[in-house]
Chemist: 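Just dropping this structure here.
In listed order, ligands and their atoms are each counted from 1. The structure displayed is predicted, hence computed values, not measured ones. Hydrogens, waters and symmetry mates are skipped; everything else that's a heavy atom, side chains included, is used.
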Amino acid sequence: MGMHMNMNMKDLNLRIRECRLCELWKTRTNPVVGEGSLSARIMFIGEAPGYYEDLRGCPFVGKAGQVLDELLHSIGLDRSDVYITNILKCRPPNNRNPTTEEIKACTPYLDAQLEIIEPEVIVTLGSFSLGYIFHKFGIMPDKISRIHGKVFTVNTISGIRRIVSLYHPAVATYNPGMKDILMSDFKVLEHL
Ligand code: URA
């Protein structure tokens, strides 16, 4: 489905860099394709690049990224051990929410990244990522407040996948209590 496939990451990244499937290319500085290990067991999927990600072309390099780094370190991981990407590869102006059309245009790239990396564990960060991944894998969506930190297991043709939804790390930058919840949710990743 989608891209069609047997594409390697290098070719995929080139496609993303020249993408004009939605309007966001007009206002972004750099697309943010994703970053990390191509043999990662864990893939983190955020929402969309923000101000600093757009400037630097790398995912999670602003405040939310500092939180994500801390969370990774708390379970003995580094961002080079995992793969980090987003639902949208280009920044929406003023960090507004992604539109349905943008998600539809952009997620074939995420699907291709999932096919290339074949992560055993998919971690969604925030509600847009949760919505897309749960729908893709046929899991009944539910409120993040009910399912954060829970492990969902799905069977795919490429094997068993675990899906864990977390609050978006950005919430910890304006609500310090959330940091503790993220920390304890992250612990489940240690055992997957
Ligand atoms: N927030 C996201 O969802 N993704 C990023 O890459 C940075 C901040």
Side-chain angles (χ1 to χ4, degrees), residues 9 12-13 16-17 19 22 24-25 27-38 40 42-74 77-114 117 119 121-136 141 143-145 147-149 163-176 178-179 181-183 185-186 189:
M9 195 61 96
L12 178 62
N13 289 346
I16 296 171
R17 290 203 175 91
C19 180
C22 79
L24 292 179
W25 67 271
T27 47
R28 60 143 163 84
T29 314
N30 293 294
V32 178
V33 298
E35 187 177 80
S37 166
L38 299 191
I42 309 182
M43 182 157 150
F44 289 85
I45 305 172
E47 178 174 317
Y51 178 83
Y52 292 101
E53 291 78 20
D54 173 75
L55 277 187
R56 292 181 45 191
C58 302
F60 283 96
V61 290
K63 275 191 188 167
Q66 282 176 26
V67 176
L68 182 58
D69 281 332
E70 264 185 67
L71 291 165
L72 285 167
H73 295 158
S74 77
L77 293 176
D78 196 78
R79 61 165 66 207
S80 61
D81 298 319
V82 301
Y83 195 82
I84 304 173
T85 189
N86 285 302
I87 292 286
L88 296 189
K89 309 314 190 203
C90 294
R91 183 191 183 210
N94 301 101
N95 301 344
R96 64 157 170 73
N97 285 340
T99 67
T100 307
E101 292 72 29
E102 287 159 357
I103 293 171
K104 198 169 167 199
C106 203
T107 43
Y109 299 126
L110 177 64
D111 293 342
Q113 290 173 319
L114 285 164
I117 295 173
V121 181
I122 298 168
V123 182
T124 71
L125 303 173
S127 59
F128 287 92
S129 177
L130 163 63
Y132 182 73
I133 291 296
F134 271 48
H135 180 259
K136 176 181 171 73
K143 286 193 283 193
I144 183 77
S145 57
I147 60 169
H148 67 92
I163 297 169
V164 181
S165 293
L166 303 182
Y167 285 109
H168 196 289
V171 300
T173 68
Y174 46 80
N175 181 346
M178 281 297 198
K179 179 90 157 274
I181 296 175
L182 273 163
M183 284 277 181
D185 285 352
F186 240 75
L189 303 179

Chemist: Which heavy atom in Leu24 sits nearest to a heavy atom in Pro92, and how many Å separate them?
Modeler: CD2-CA, 3.8 Å
Chemist: Let me know which of Phe128, Phe44, Phe60 forms a ring pair (Phe, Tyr, Trp, His ring centres under 6.0 Å) with His168.
Modeler: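 That would be Phe60; it is the only one of Phe128, Phe44, Phe60 passing the ring pair (Phe, Tyr, Trp, His ring centres under 6.0 Å) with His168.
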Chemist: Tell me whether Glu35 is salt-bridged to Arg56, with the criterion being a basic N under 4.0 Å from an acidic carboxylate O.
Modeler: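 Judged by the 4.0 Å cut-off on N to carboxylate O distance, Glu35 and Arg56 do not form a salt bridge.
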Chemist: Is it true that a side-chain atom of Arg28 and a backbone atom of Pro49 form a donor plus acceptor pair closer than 3.5 Å?
Modeler: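 No, because the side chain of Arg28 does not come within donor-acceptor range (under 3.5 Å) of the backbone of Pro49.
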Chemist: Any chance you could measure Thr124, atom OG1, to Tyr132, atom OH, to the nearest 0.5 Å?
Modeler: 13.0 Å
Chemist: With a 4.0 Å heavy-atom cut-off, what residues sit around ligand 1?
Modeler: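 Within the 4.0 Å shell of ligand 1, which is judged on heavy atoms, sit Gly46, Glu47, Ala48, Glu53, Pro59, Phe60, Asn86, His168.
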Chemist: Rounded to the nearest 0.5 Å, what separates atom CD1 in Ile122 from atom CE in Met43?
Modeler: 7.0 Å
